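Keep in mind that this is a model prediction, so the values were computed, not measured.
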There are 2 protein chains.
Amino acid sequence: METTQQQAGQPATAERRRRELLEAADRVVLRDGPKASMNAIAAEAGITKPILYRHFGDKAGLYQALAVRHTDALLESLRAALDAPAERRRRVENTLDTYLAAIEARPQVYRFLMHPAEDSHAAERGFDVGLHSAPLLRRLGEELAKVIAERVDLGPGGDELARVWGHGIVGMMHAAGDWWLGERPCARAALVSGLTDLLWGRLGTAGNLAGGPGF
Amino acid sequence: METTQQQAGQPATAERRRRELLEAADRVVLRDGPKASMNAIAAEAGITKPILYRHFGDKAGLYQALAVRHTDALLESLRAALDAPAERRRRVENTLDTYLAAIEARPQVYRFLMHPAEDSHAAERGFDVGLHSAPLLRRLGEELAKVIAERVDLGPGGDELARVWGHGIVGMMHAAGDWWLGERPCARAALVSGLTDLLWGRLGTAGNLAGGPGF
DNA sequence: CAGCACACGTTACTAGCGGTAACTTCGACC
DNA sequence: GGTCGAAGTTACCGCTAGTAACGTGTGCTG
């Protein structure tokens, strides 16, 4: 670690450096989960903390930059599934499956995205409830809402309803996926078809169980 | 803060003290949100940190004790809504509305329940993804699954499907509620009926929007 | 070439966190 | 009276996020 470490050089180093740092941070987060500390990230990048702070402001900034990258990637694949030519139910199934495959393949990333530190001295006096939930969820909800609103005929007030549905469906997908990832109670395909059945109203049409109190 | 502060006394002080501490912690969490520190809680209770640790082991222990209390209370009211005599759709609407009313009335508590510190040196080596989600969500999901499984006829494999639905529905409720609480885009009743429509399969039956790419 | 400016990097620090060790003090019981 | 144990304290550890102050190399400009 002598002072003669960087060969310096290119003037466009700024953006480059930023991406290098992000990739180092990525590695650490992938390895250590959400407990990744700024010190650890700096060490992985071969530098020290203040540089991180110069580039990203604070931890929330770094995390957000990381989250945006991953969220973008996930969103892109989800949009592809949502846009593929198929009947509506098939599209929904494919989208759910894409999401589940993603969180299954890289659970650490998923976990990180859902738990953005949350500290961030926001919440100062007046605790703005609401924005506590992971940005990923909000973004996915809004994106899905947009797709629904522009493609499905929901009558008057449809935009508002589409947003309700967007956030609701995303939440369903998230919670079920989280539970499934933890307990692995069934195959991915079974989860997908179960959720799609739910969305297709099977709860409303299924009969009461004989002998029970009814529902 | 002289040493002659507590009048001591009763031998059954242990349980009493524990409840006093929990109530103090409750007050602090209600005031400071999830950033409530052990120091602050101890101060509010009029004592110092080590006592808290003697009673609850660590922060996670205290938080869990707090969470159990609130979760129990919420669960009870939800169960009441779920058991009230009415047709199925009405029960679902009432349950959703009960949940939303609860988080609307005490958003700080809600926020605390959804963010159980998460630190807890679990996640050691092997980051057990999955259990990161708030215990409240898991518990609600399992409870709902139980209700569904014992009342609705879902055919073979129904128990597994019920769990999928339980967690899915709870997730939907949570995410939509979180979003709604943050943006307040509509009245509570509108959100409830929108979500119920979703659960009753309106997404499957709604027509495509004329002129769009179809969905 | 001198010198200025600036980005890049460092060491060394603060304030606060969760958690603990060691000591004191009080009340009960034999 | 003397001892035992719970309740409570102060003072600390190791860690975190974040910052201030101090080099050091490079390119531009007089």
Side-chain angles (χ1 to χ4, degrees), chain A residues 1-21 24-25 28-29 32-66 115-124, chain B residues 1-21 24-25 28-29 32-66 115-124:
Chain A
M1 291 294 179
E2 287 79 35
T3 53
T4 330
Q5 177 192 355
Q6 78 289 8
Q7 70 267 31
Q10 297 81 337
T13 317
E15 285 297 317
R16 244 189 139 60
R17 204 74 175 124
R18 189 186 161 94
R19 290 171 71 180
E20 287 177 17
L21 296 185
V28 175
V29 165
D32 297 352
K35 339 182 33 161
S37 78
M38 296 298 264
N39 253 327
I41 294 174
E44 169 74 25
I47 44 105
T48 49
K49 269 193 302 177
I51 307 184
L52 280 183
Y53 284 94
R54 278 223 257 269
H55 274 274
F56 301 102
D58 61 354
K59 189 175 186 175
L62 202 176
Y63 274 34
Q64 184 180 334
L66 265 182
H115 260 287
E118 130 104 20
D119 36 43
S120 89
H121 22 67
E124 289 162 344
Chain B
M1 292 292 178
E2 289 80 34
T3 52
T4 329
Q5 178 192 354
Q6 79 289 8
Q7 69 265 32
Q10 298 81 336
T13 316
E15 284 298 316
R16 243 189 140 61
R17 202 72 174 127
R18 188 186 162 93
R19 290 171 72 179
E20 286 177 19
L21 296 186
V28 175
V29 164
D32 296 351
K35 339 182 31 158
S37 79
M38 294 299 266
N39 253 326
I41 293 174
E44 169 73 26
I47 44 106
T48 49
K49 271 195 299 178
I51 307 184
L52 280 183
Y53 284 94
R54 278 223 254 273
H55 274 276
F56 301 102
D58 61 355
K59 189 175 186 174
L62 202 176
Y63 273 33
Q64 183 180 336
L66 265 183
H115 258 288
E118 132 105 16
D119 38 41
S120 88
H121 21 69
E124 291 162 345

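In this structure, B:K59 places its NZ atom 14 Å from P of C:dT20, rounding to the nearest Å. Between B:D58 atom CG and C:dT20 atom P there is a gap of 8 Å when expressed in whole angstrom units. Between the CD1 atom of B:I51 and the P atom of D:dG8 there is a distance of 4 Å, rounded to whole Å. B:I47 has its CD1 atom 12 Å from the P atom of D:dT10, to the nearest Å. Counting to the nearest Å, the C1' atom of D:dA7 and the CZ atom of B:R17 are 9 Å from each other. When the P atom of C:dA7 is taken as reference, atom NE2 of A:H55 falls 11 Å away, rounded to whole Å. Between the OH atom of B:Y53 and the P atom of D:dT10 there is a distance of 16 Å, given to the nearest Å. Distance, B:L21 CG to D:dA7 P: 11 Å, rounded to whole Å.
For the pair A:Y53 and A:K59, the tightest heavy-atom approach, listed with the atom from each and the gap, is CE2-N, 4.3 Å. Shortest non-hydrogen contact noted between A:H55 and A:L21 is CD2-CD1, 3.6 Å. The nearest pair of heavy atoms linking A:A36 to A:Y63 is O-OH, 3.0 Å.
Residue A:R54 is the one, among A:K49 and A:R54, whose nearest nucleotide of DNA chain C lies closer to the 5' end (criterion: closest heavy atom).
OP1 and OP2 of D:dG8 both lie 4.0 Å or more from every side-chain N or O belonging to B:T48.
Heavy atoms of A:S37 sit under 4.0 angstrom from primed sugar atoms or phosphate atoms, though from no base atom.
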task: Show the numbers, then the answer: is there a side-chain contact (heavy atoms from CB on, under 4.5 Å) between A:I51 and A:R17?
output: CA-CA 10 Å; A:I51 307 184; A:R17 204 74 175 124; 5.8 Å; no
